[in-house]
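Here it is: the structure, laid out below.
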2 protein chains.
Amino acid sequence: MKLTLHTDYALRTLIYLGIHTDRLVSIREVAQVYGISENHLVKIIHRLGLGGFIETARGRNGGLKLARPASEIGIGDVVRYTEEDLGLVTCMQPEQAAAGHCCILSDVCRLRGVLGEALASFMTVLDHYTLEGMITPDERRRLGGREAGQAGNLSASDLKPAG
Amino acid sequence: MKLTLHTDYALRTLIYLGIHTDRLVSIREVAQVYGISENHLVKIIHRLGLGGFIETARGRNGGLKLARPASEIGIGDVVRYTEEDLGLVTCMQPEQAAAGHCCILSDVCRLRGVLGEALASFMTVLDHYTLEGMITPDERRRLGGREAGQAGNLSASDLKPAG
DNA sequence: ATAAAAGGTGTAGAAATTATACATCTTACG
DNA sequence: CGTAAGATGTATAATTTCTACACCTTTTAT
């Protein structure tokens, strides 16, 4: 059991945006800072936009920013949204649950209830935290003074031109 | 985020064994009842044996049984054992955590702590239940009177001979 | 108006994980 | 000894996840 990189990246992107609320941040910047695939990040960020977590601006000087203050973005909400498949066992997959015939244990299967309860508990913990809580002074220091290679070993002008 | 089929099957097998405590159950029987691959189940069951959850007996009239009463087998323990990889994000993978340099968020990353707490909460819920709690009278009725095709649509003698 | 910068979208393929099948060995019982 | 049942290892198939590439759309600066 683990969260997908999808969720991992989404959370990190949000944290980064939460630190840089004074300006728009480009996808490329986020990808470079964390050393992850820009192409992959594009899709994750797009989804975050659809989900209303961030606002995007196209065109020159465009970029990303949080749609709401970090204090109003719940970690649980992000995970719930990013992690599409929260059915823990085959019993809980929508198709099967809908059809009513999951495993032979069927609807009297307590397993489903217990796992569901555990999952709810998991989410409840996450719901107690907001993005703001993820941003410590230490991190702000680490990722905050970035402009010219504080965060990584690259300067803003090092970004490859286009092709 | 979801548990592997591995865990799913392991739990179901244990439930089945918990219902049939009066005799040894063969792997083939479990596989047929749930309609899952016998070959796959073999390995899962082997691991359950290594983990001390069940006892196996080889040879003619061999089979499986719970190593302890169902009331002493915690669901959390089973999941913890079966689900090897409980690191929720790359931050938490042992290799990386050990090396101390996970993501650039590094050790001041609160994310890790929060996800860890959520996971602990998840497991705590599971720890409140034992295998015994998973076995309801309904299920016992459903899987209990099996001998000749109550559970599936097969009789004990329908099991394919060998090759 | 045009060019450049940045996000949006779709597809294809690589890599990793998970599940299944097959073959063979070991053990226990009769 | 022969058979039934678990133990083990390997190989293949299926699925999921990740990456790369190509091209489109929108916005802004000149």
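It should be emphasised that the depicted structure is a prediction, and the values quoted were computed from it without experimental measurement. Chain letters run A, B, ... following the sequence lines, proteins first and then strands; every chain starts at 1.
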Assess the residue pair A/T130 and A/S71 against the criterion (side-chain hydrogen bond (donor to acceptor under 3.5 Å, both in side chains)); give the C-alpha distance rounded to whole Å, side-chain angles, the decisive distance to 0.1 Å, and a yes or no.
CA-CA 6 Å; A/T130 68; A/S71 59; 6.0 Å; no
Atom-pair distance (CZ on A/R47; C1' on C/dG7), nearest Å
17 Å
Euclidean distance, atom CG of residue A/L41 to atom C1' of D/dC18 [Å, nearest integer]
13 Å
So if I take every side-chain heavy atom of A/N61 and compare against D/dT28, C/dC29, D/dG6, which nucleotide ends up nearest?
D/dT28
Looking only at heavy atoms, what is the nearest atom pair of B/R68 and B/G52, with distance?
NH2-O, 3.8 Å
A/E29 has an atom CD; how far is it from atom C1' of C/dA6, in whole Å?
13 Å
Which residues within residues 48-59 of chain A lie with some heavy atom under 4.0 Å of an atom in DNA chain C?
A/T56, A/A57, A/R58, A/G59
Side-chain contact test, heavy atoms from C-beta onward, threshold under 4.5 Å: evaluate it for B/V125 versus A/L115 and give yes or no.
no
Find every protein N or O atom lying less than 3.5 Å from an N or O atom of nucleotides 18-21 of chain C, and list the pairs.
from   : atom 1 : to    : atom 2 : distance (Å)
C/dA19 : OP1    : B/L5  : N      : 3.2
C/dT20 : OP2    : B/H40 : ND1    : 2.9
C/dA21 : N6     : B/K43 : NZ     : 3.1

Might you point out which heavy atoms bring B/G76 and B/M123 nearest each other, and give the distance in Å?
O-CE, 3.3 Å
Using 4.0 Å as the upper bound for N to carboxylate O, is an ion pair formed by B/R23 and B/E29?
yes
Which pair of non-hydrogen atoms, one from A/D77 and one from A/D127, has the smallest distance, and what is that distance?
N-OD1, 3.9 Å
NE2 of B/H6 to CG of B/L41: how many Å apart, nearest 0.5 Å?
9.5 Å
Quick one: A/K65 NZ to C/dA6 P, roughly how many Å, whole number?
18 Å
Compute the centroid of each ring, for B/Y34 and then for B/Y9, and state whether the two points are separated by less than 6.0 Å.
no
Quickly work out the B/I27 CD1 to D/dA7 C1' distance and round it to whole Å.
9 Å
Looking only at heavy atoms, the pair that brings A/L64 and A/L17 closest together is O-CD2, 3.9 Å
A/H46 NE2 - C/dA6 C1' separation (whole Å):
15 Å
Starting the side chain at C-beta, find the nucleotide from C/dG8, D/dT28, D/dG6 nearest to A/R60.
D/dT28
